[in-house]
Amino acid sequence: MLAEQILAINVATRKLCKNCDNGAIISQKMRLLYLVRNDVLSPKELVAELCIAKPNLTILARTMIAEGLIEKMRVERDMRSVHYKITDKGIAELNRMIADLEQSVIDQLGLNDKETQKGEKKLESAINFLNGVE
């Protein structure tokens with residue numbers, strides 16, 4: 001039952017990503033910002049993590065660069081290679097999106113502070129399990 005619920009969450013969030021692009025749901029933009037928040041990643045890495053085609057990543061990245069959320073950088077060991085990193089504006093936008101998403105979940109589920117904290121701990125344990133962390 002738990003595994004089925006995890007699959008249902010994964011499918012539901014992917015459906016949401018295709019339909020909207022605002023702070024109340026998980027969009028491709030939010031997922032990309034989340035991935036590059038701590039790391040500089042190559043297009044190949046982002047395509048694999050986001051499960052999107054490279055042309056779609058190119059369009060998304062171009063838009064986000066124009067918005068000032070991410071920037072392209074060349075890798076010193078291979079100046080032909082492009083990687084993406086988050087900007088300060090991107091960090092601020094990601095934080096706003098996360099806050100909006102959190103408030104939306106709390107409102108939809110009608111959680112109080114204690115229930116929210118308990119849910120956070122359980123989700124953290126589930127994420128660690130799925131990532132192979134003990």
Side-chain angles (χ1 to χ4, degrees):
M1 183 70 159
L2 182 59
E4 195 170 323
Q5 290 172 321
I6 291 168
L7 279 170
I9 288 170
N10 185 278
V11 169
T13 58
R14 289 187 186 273
K15 284 181 185 175
L16 288 172
C17 290
K18 292 178 184 174
N19 296 330
C20 301
D21 187 24
N22 65 44
I25 53 121
I26 303 169
S27 66
Q28 290 288 5
K29 181 187 291 186
M30 185 177 186
R31 293 174 65 210
L32 192 149
L33 288 172
Y34 183 78
L35 289 170
V36 298
R37 75 196 185 286
N38 295 321
D39 294 316
V40 175
L41 298 175
S42 70
K44 184 177 179 179
E45 292 167 317
L46 288 170
V47 163
E49 288 291 329
L50 294 170
C51 299
I52 62 174
K54 188 169 182 181
N56 293 341
L57 174 65
T58 300
I59 293 166
L60 177 62
R62 191 175 295 140
T63 301
M64 293 175 68
I65 289 168
E67 293 173 353
L69 302 175
I70 62 171
E71 60 187 24
K72 269 197 287 193
M73 58 180 292
R74 300 277 178 196
V75 180
E76 284 186 33
R77 67 181 179 273
D78 181 1
M79 292 305 284
R80 297 170 296 168
S81 182
V82 173
H83 284 57
Y84 297 103
K85 73 177 211 172
I86 196 165
T87 63
D88 289 341
K89 183 177 179 182
I91 292 169
E93 179 67 5
L94 177 61
N95 289 337
R96 184 200 62 77
M97 292 170 125
I98 289 171
D100 287 351
L101 177 59
E102 181 157 337
Q103 192 58 54
S104 178
V105 170
I106 289 169
D107 292 346
Q108 289 294 317
L109 298 177
L111 301 174
N112 62 35
D113 288 343
K114 186 176 180 181
E115 292 168 326
T116 300
Q117 290 173 352
K118 187 176 180 181
E120 287 172 355
K121 287 179 184 175
K122 294 215 179 262
L123 280 173
E124 184 176 348
S125 295
I127 291 165
N128 287 339
F129 170 76
L130 291 171
N131 287 325
V133 178
E134 293 188 33

| task | Begin from the C-alpha positions of I65 and E71 and carry the test side chain to side chain contact (heavy atoms under 4.5 Å, CB included) through to its verdict. | result | CA-CA 6 Å; I65 289 168; E71 60 187 24; 5.7 Å; no
| remark: Nearest heavy-atom approach of E45 to V40 is OE1-O, 4.3 Å
| Exceeds 12 heavy-atom contacts within 6.0 angstrom, atom CG of N112 | yes
| request: Drop me the distance from L32's CG to M64's CE, to the nearest 0.5 angstrom. | output: 4.5 Å
| query | In Å and rounded to the nearest 0.5 Å, what is the CD1 to CG distance from I127 to L123? | reply | 6.0 Å
| Heavy-atom neighbours of E124 CD exceed 12 at 6.0 Å | no
| Spatial distance of atom OG (S81) from atom CE (M73) [nearest 0.5 Å] | 10.0 Å
| Hey, is the main chain of E67 close enough, under 3.5 Å, to the side chain of K89 for a donor-acceptor pair? | yes
| request: Any chance you could measure I106, atom CD1, to E102, atom CD, to the nearest 0.5 Å? | output: 4.5 Å
| Are N95 and I91 close enough that some pair of their side-chain heavy atoms sits under 4.5 Å apart? | yes
| field | Presence of salt bridge, K29 and E93, under 4.0 angstrom | value | no
| request: Might you point out which heavy atoms bring M30 and L101 nearest each other, and give the distance in Å? | output: CE-CD2, 3.7 Å
| said: What I'd like to find out is whether the side chain of N56 reaches to under 4.5 Å of the side chain of Q28, using heavy atoms alone. | reply: no
| query | Has D107 got more than 12 heavy atoms of other residues, nucleotides or ligands less than 6.0 Å from its CG? | reply | yes
| task | Grab the two heavy atoms, one from R31 and one from E49, that are nearest each other, plus how far apart they are. | result | NH2-O, 3.6 Å
| Is V82 close to R74 at the side-chain level, that is, under 4.5 Å between some pair of heavy atoms? | yes
| said: Tell me which one of I70, L41, L69 satisfies side chain to side chain contact (heavy atoms under 4.5 Å, CB included) with Y84. | reply: I70
| message | Is the positively charged end of R37 above the ring of Y34, judged by distance under 6.0 angstrom from the centroid and angle within 45° of the axis? | response | yes
| message | On a heavy-atom basis, which atom in L57 and which in V47 lie closest, and how many Å separate them? | response | CD2-CG2, 3.6 Å
| said: If you compare all heavy atoms of V36 against all heavy atoms of L46, which two are closest, and at what distance to 0.1 Å? | reply: CG1-CD2, 4.1 Å
| remark: Between L111 and E115 the two heavy atoms that sit nearest each other are CA-OE1, 3.4 Å
